[in-house]
Amino acid sequence: MEDAGPVISSVLVKPVSADCNLSCTYCFYLPKSSLYPETKIHRMSDEVLMSLIVQILTLSNNKKVSFCWQGGEPTLAGIDFYRKALHYQSIFSARFQVVENSIQTNGVLIDDKWASFLSTYGFLVGLSLDGPKDIHDYYRKRRGGLGSYEDVIKCIEILRRFGVEFNILTVVNNLNVKDPKGLYKFMMNMGLKHLQFIPCVERDSGGGVAYYSVTPEDYGRFLCEVFDEWFNGGYPGAYVRDFEEILMSYVFGDTPSCIFGRRCGRYIVIEYNGDVYPCDFYVDRKWLLGNIVEDSIEDIIANEKFLEFIFIKDRLTEKCRDCNWLKYCNGGCPKHWEIKDYSENYFCKSYKMFFEHAHDKFLKLKSVVERRMSSLMLRYIGKGSISRGS
């Protein structure tokens with residue numbers, strides 16, 4: 001096992017915990033509110049906000065530090081909360097640091113005022129959209145039962161008008177998984193070309209797989225068909241996060257993806273009260289690492305639990321050593337191993353189907369990328385030679 005200590009340059013912040021203005025059927029985070037029953041409404045205090053920003057910026061020696069604001073629905077915290085966060089970032093960041101902010105939203109509260117703010121301060125927006133109206137509204141409903149599709153479409157129009165950079169996050173469920181090409185073409189026809197697809201699989205109250213989850217077979221077919229649309233004869237016309245990050249693995253031997261990367265623990269999660277967890281999927285008492293107000297960030301990431309979490313894939317993938325695709329999938333997300341009681345990843349069949357289908361095309365794309373890298377390097381060296389000779 002190679003030794004790799006924690007390196008944190010990205011933090012996922014839950015300023016309102018699991019509070020949300022929607023009631024999506026498949027939401028995995030909504031039940032997390034039971035961890036904090038002391039109050040019905042959860043909002044991050046100024047003390048916690050300042051502490052997390054100071055400590056994350058002080059901890060990181062990286063030139064780039066990323067804050068991802070998520071929920072629940074993080075816009076419930078209000079614009080003034082984020083103005084305060086930006087103020088603290090400007091005060092406590094080092095001169096060499098570039099601080100990036102992103103926010104994952106359902107779009108319901110985004111209006112001109114929000115869009116102006118997001119545009120002015122360069123927030124990247126992740127917007128949830130599951131497909132056409134009938135598909136999106138089936139699971140993504142307001143608390144009164146109405147769908148949220150029209151809110152998302154309005155949000156897209158506003159973000160575009162104000163020049164806000166945004167991408168689309170789609171939860172792949174038992175409905176939209178059935179028509180991969182149709183879903184992809186819907187996004188393309190809407191001009192949405194920065195996409196992320198997240199497969200939905202959760203347990204139901206009886207311990208089985210919830211009805212809205214995707215099956216491994218369906219998800220495998222989904223990946224293959226969407227990949228073919230994306231590949232586009234070797235000229236991808238859109239950014240699909242998983243495919244782009246897997247391609248990085250083909251070219252560089254590893255990927256920034258926490259799902260397909262060699263290690264977990266690439267970021268930490270900070271709840272509204274300062275509690276720290278190793279991952280969005282592992283916000284439970286078993287994996288509580290500490291509290292950002294009560295403990296130093298150095299002690300938190302040195303916690304034995306965190307080190308155990310970082311290397312969790314090494315233990316799980318002992319069962320996968322003879323698999324041809326291990327170096328590309330790296331066992332997938334550990335959370336998906338839980339569904340099958342750690343005998344294998346729930347999506348193992350999906351990934352095998354996908355890599356068998358896409359491998360040769362990834363190799364072609366790898367060759368294109370490497371040629372372009374070589375060309376850029378030669379141009380750089382050539383400019384350097386001219387400079388030295390002049």
Side-chain angles (χ1 to χ4, degrees), residues 24 26 104 126-140 149 152-153 156 166-202 212-251 255-261 324-325 328-333 335-336 345-366 368-369:
C24 302
Y26 54 58
Q104 179 64 43
L127 181 62
S128 295
L129 176 63
D130 285 355
K133 180 177 173 60
D134 59 329
I135 296 292
H136 178 90
D137 282 348
Y138 197 87
Y139 291 130
R140 299 191 62 81
Y149 178 82
V152 178
I153 299 306
I156 289 172
F166 70 96
N167 55 36
I168 297 297
L169 187 151
T170 299
V171 176
V172 183
N173 55 62
N174 67 318
L175 298 180
N176 57 12
V177 75
K178 300 295 186 183
D179 185 15
K181 291 183 181 179
L183 179 62
Y184 187 82
K185 288 179 179 178
F186 166 79
M187 298 295 182
M188 294 301 101
N189 291 337
M190 292 276 289
L192 305 171
K193 296 188 176 182
H194 287 79
L195 310 174
Q196 182 179 2
F197 297 103
I198 307 294
C200 178
V201 55
E202 298 290 336
Y212 45 75
S213 302
V214 294
T215 67
E217 294 81 6
D218 279 348
Y219 186 56
R221 284 190 290 271
F222 178 90
L223 288 174
C224 293
E225 291 189 27
V226 172
F227 176 83
D228 286 346
E229 294 296 315
W230 170 82
F231 182 72
N232 190 35
Y235 299 93
Y239 174 92
V240 176
R241 183 173 176 176
D242 276 355
F243 302 156
E244 298 279 351
E245 293 189 343
I246 290 171
L247 178 57
M248 290 180 70
S249 183
Y250 272 80
V251 176
T255 169
S257 168
C258 64
I259 293 177
F260 299 118
N324 292 331
W325 310 119
Y328 300 118
C329 84
N330 285 296
C333 178
K335 191 68 176 179
H336 296 150
N345 189 304
Y346 177 81
F347 292 115
C348 180
K349 184 181 293 186
S350 313
Y351 297 148
K352 287 180 177 177
M353 186 188 306
F354 172 66
F355 283 112
E356 287 169 3
H357 176 83
H359 178 63
D360 288 344
K361 292 177 181 177
F362 270 127
L363 291 178
K364 290 180 182 179
L365 291 174
K366 175 186 176 182
V368 172
V369 172

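Worth saying up front: this structure is predicted, and the values here are computed from it rather than measured.
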Please assess Tyr351 against Phe260 for the test ring pair (Phe, Tyr, Trp, His ring centres under 6.0 Å), listing each intermediate value before the final yes or no. CA-CA 10 Å; Tyr351 297 148; Phe260 299 118; 5.3 Å; yes
Within-4.5 Å side-chain heavy-atom neighbours: [X] and [Y]:
X      : Y      : answer
Leu129 : Leu192 : yes
Asn174 : Val214 : no
Leu169 : Leu127 : no

Could you walk me through whether Phe197 and Phe222 pass the ring pair (Phe, Tyr, Trp, His ring centres under 6.0 Å) test, one step at a time? CA-CA 10 Å; Phe197 297 103; Phe222 178 90; 5.4 Å; yes
[X], [atom1]: over 12 other non-hydrogen atoms inside 6.0 angstrom:
X      : atom1 : result
Lys133 : NZ    : yes
Lys361 : NZ    : yes
Lys349 : NZ    : no
Tyr138 : OH    : no

How many angstroms lie between atom CZ of Phe347 and atom SG of Cys329, to the nearest 0.5 angstrom? 13.0 Å
Test item: side-chain donor near acceptor, [X] and [Y], under 3.5 Å:
X      : Y      : answer
His136 : Asn176 : no
Asn189 : Tyr184 : no
Tyr149 : Arg140 : no

Only distances under 3.5 Å count here; give the side-chain donor-acceptor pairs of residues 230-244 to other protein atoms, sequence neighbours excluded, each with its distance to 0.1 Å.
{"from": "Trp230", "atom 1": "NE1", "to": "Ala238", "atom 2": "O", "distance (Å)": "2.9"}
{"from": "Asn232", "atom 1": "ND2", "to": "Tyr235", "atom 2": "O", "distance (Å)": "2.7"}
{"from": "Arg241", "atom 1": "NE", "to": "Glu245", "atom 2": "OE2", "distance (Å)": "3.3"}
{"from": "Arg241", "atom 1": "NH1", "to": "Gln196", "atom 2": "OE1", "distance (Å)": "3.4"}

Mind telling me whether Tyr250 and His359 have parallel, tilted or perpendicular rings, with 30° and 60° as the class edges?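 His359 vs Tyr250 ring planes: tilted.
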